[in-house]
Amino acid sequence: MDNLDRELERAAGTGVPPTVENVRRSCDEAAALPDSPVRIDEQRLRAFTRSLDIRAVKRSSHLMAVPIAFGSVRAATNFHLNLHLFNFGHGYRHPLHSLCGQGAWRTMKRGIEALHASCGERGIDAATLAALTPSAVDALFGFPSGGAAGELDPLRDMILRVAHATGNRLIELGFPSFADMIADRAARGRLSAAGLVELLAGQFPAFDDRRSLGSGREVLFLKKAQIAVAELYQKLGGELADHVDFSDVTTFTVACDNVLPCVLKTLGILRLDPGLERDIAEGRPLPAGREEALLRAAALSAAEAVVRLSTGAFWAKELGDYLWTMGKDSGFRQAERHAARDTCFY
């Protein structure tokens with residue numbers, strides 16, 4: 001069984017409950033493990049927090065531009081949830097730039113925009129996901145064929161497996177789409193924002209971003225579920241108010257992929273063991289597992305400490321967007337990020 005099998009075949013409702021508070025708790029605990037290869041420099045962290053320009057942090061919070069005029073709230077909801085469901089592939093950043101002319105996020109975003117356009121007024125639904133084919137993936141996501149393009153074969157397979165697993169799970173639950181599931185659940189009482197994160201991660205393995213650290217210990221991140229719900233709040237909060245009470249969205253944690261650890265390491269806030277630092281700097285893959293999870297956990301724990309020390313000046317998504325934007329600046333972009341190709345979580 002490979003790692004993607006473990007991610008997508010996880011039984012719903014098993015393990016640590018997928019709550020926002022368990023993300024925060026488990027990452028803090030993992031970051032404090034004495035055998036972790038990553039340490040947080042508290043002095044650098046506090047100095048960085050004191051140096052922050054709060055207005056710049058809040059200006060950096062952004063909405064992802066989408067060139068689509070949605071015909072309904074249902075179609076828009078399904079689009080945004082699917083956009084983040086497929087927000088992965090970071091480990092293919094270099095071959096995607098070479099073969100497709102852009103990195104992972106822009107490639108995946110282009111594919112989901114094209115998938116939405118192909119669905120007509122109904123938008124992306126369970127049947128569409130369950131029926132996705134390899135040739136459709138190539139056409140939608142702009143994957144070339146032949147020669148060096150074979151390096152993208154595992155990413156194509158990952159897209160198909162996530163689509164089929166999620167579409168079939170929606171069908172199994174009796175819902176035509178994500179939006180229909182949310183409406184059905186809200187008919188029994190409005191969901192909270194954190195409750196919607198728990199619903200997505202609890203029912204769909206591709207949203208249930210977690211790792212086993214051994215000895216029965218798990219660390220949770222829920223990156224895609226949290227950022228998807230935060231985006232729904234920012235883009236459709238008013239339209240979805242009858243279904244979701246978003247008042248607790250500011251309790252979310254920072255979303256952690258491979259950009260946040262790179263930025264915090266470059267700032268001197270994260271200190272890596274020499275072997276791990278060398279492997280990342282030399283572009284060696286970091287397979288999904290304990291070392292990769294402890295790196296992400298330390299980054300999330302450190303970012304959460306910055307939010308706490310700011311005493312309410314900004315919320316987690318604002319800081320996350322600020323650090324993500326910082327990671328795109330030339331001084332940070334040249335730093336190599338860790339690459340775990342065998343995960344659909346980021």
Side-chain angles (χ1 to χ4, degrees), residues 8 63-89 96 100-145 152 155-187 191 196 199-201 203-207 224-225 227-240 242-244 344-345:
L8 294 180
L63 297 176
M64 283 169 277
V66 176
I68 299 172
F70 295 102
S72 66
V73 173
R74 178 181 183 273
T77 300
N78 286 325
F79 172 84
H80 289 295
L81 290 176
N82 278 286
L83 179 63
H84 290 291
L85 173 70
F86 291 95
N87 187 355
F88 54 77
L96 284 170
C100 301
Q102 54 192 1
W105 163 245
R106 290 186 180 277
T107 297
M108 303 304 276
K109 181 172 177 283
R110 175 177 64 186
I112 298 307
E113 289 172 352
L115 182 61
H116 170 83
S118 74
C119 292
E121 291 185 3
R122 75 180 189 280
I124 303 171
D125 57 14
T128 299
L129 295 175
L132 198 64
T133 65
S135 59
V137 170
D138 288 348
L140 294 166
F141 291 82
F143 289 177
S145 60
L152 299 180
L155 180 57
R156 179 191 301 105
D157 181 62
M158 190 178 296
I159 292 168
L160 288 167
R161 290 169 70 180
V162 168
H164 296 164
T166 305
N168 288 328
R169 179 60 176 158
L170 278 166
I171 292 168
E172 179 185 343
L173 292 170
F175 299 118
S177 72
F178 284 125
D180 295 290
M181 180 186 70
I182 293 170
D184 177 83
R185 174 59 182 80
L191 286 157
L196 181 51
L199 176 63
L200 292 172
Q203 293 297 337
F204 303 98
F207 274 125
K224 295 193 301 186
I227 201 168
V229 176
E231 284 280 323
L232 285 183
Y233 161 66
Q234 291 182 305
K235 286 184 174 287
L236 297 168
E239 293 89 336
L240 291 174
D242 289 341
H243 293 343
V244 184
C344 69
F345 291 149

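Every heavy atom of this structure was used, including side-chain atoms; hydrogens, water molecules and symmetry mates were not. Worth saying up front: this structure is predicted, and the values here are computed from it rather than measured.
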What do the steps show when you test E172 against R169 for salt bridge (Lys or Arg N to Asp or Glu O under 4.0 Å), and what is the final call?
-> CA-CA 5 Å; E172 179 185 343; R169 179 60 176 158; 3.0 Å; yes
When you look at D138 and S135, which way does the side chain to side chain donor-acceptor pair (under 3.5 Å) test go after all the steps?
-> CA-CA 5 Å; D138 288 348; S135 59; over 6 Å; no
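In this structure, Q102 CD and K109 NZ are separated by 9.5 Å, a value rounded to the nearest 0.5 Å. Atoms CZ and NZ, from F88 and K224 in turn, are 6.0 Å apart once rounded to the nearest 0.5 Å. Taken from CZ in F143 to CG in L96, the straight-line distance is 6.0 Å, to the nearest 0.5 Å. Taken to the nearest 0.5 Å, the CG atom of L140 stands 8.0 Å off from the OG1 atom of T133. Remark: H243 NE2 to M181 CE distance equals 11.5 Å, nearest 0.5 Å.
Within the 4.5 Å cutoff, side-chain heavy atoms of L240 are placed close to those of V73. With contacts defined as side-chain heavy-atom distances shorter than 4.5 Å, the pair F207/T166 does not qualify. E113 is listed as a side-chain neighbour of F79, based on a closest heavy-atom distance under 4.5 Å.
Remark: N168 pairs with no residue by the side chain to side chain donor-acceptor pair (under 3.5 Å) rule, at least two apart or across chains.
The number of heavy-atom neighbours closer than 6.0 Å to OH of Y233, taken from other residues, nucleotides and ligands shown, is 12 or below.
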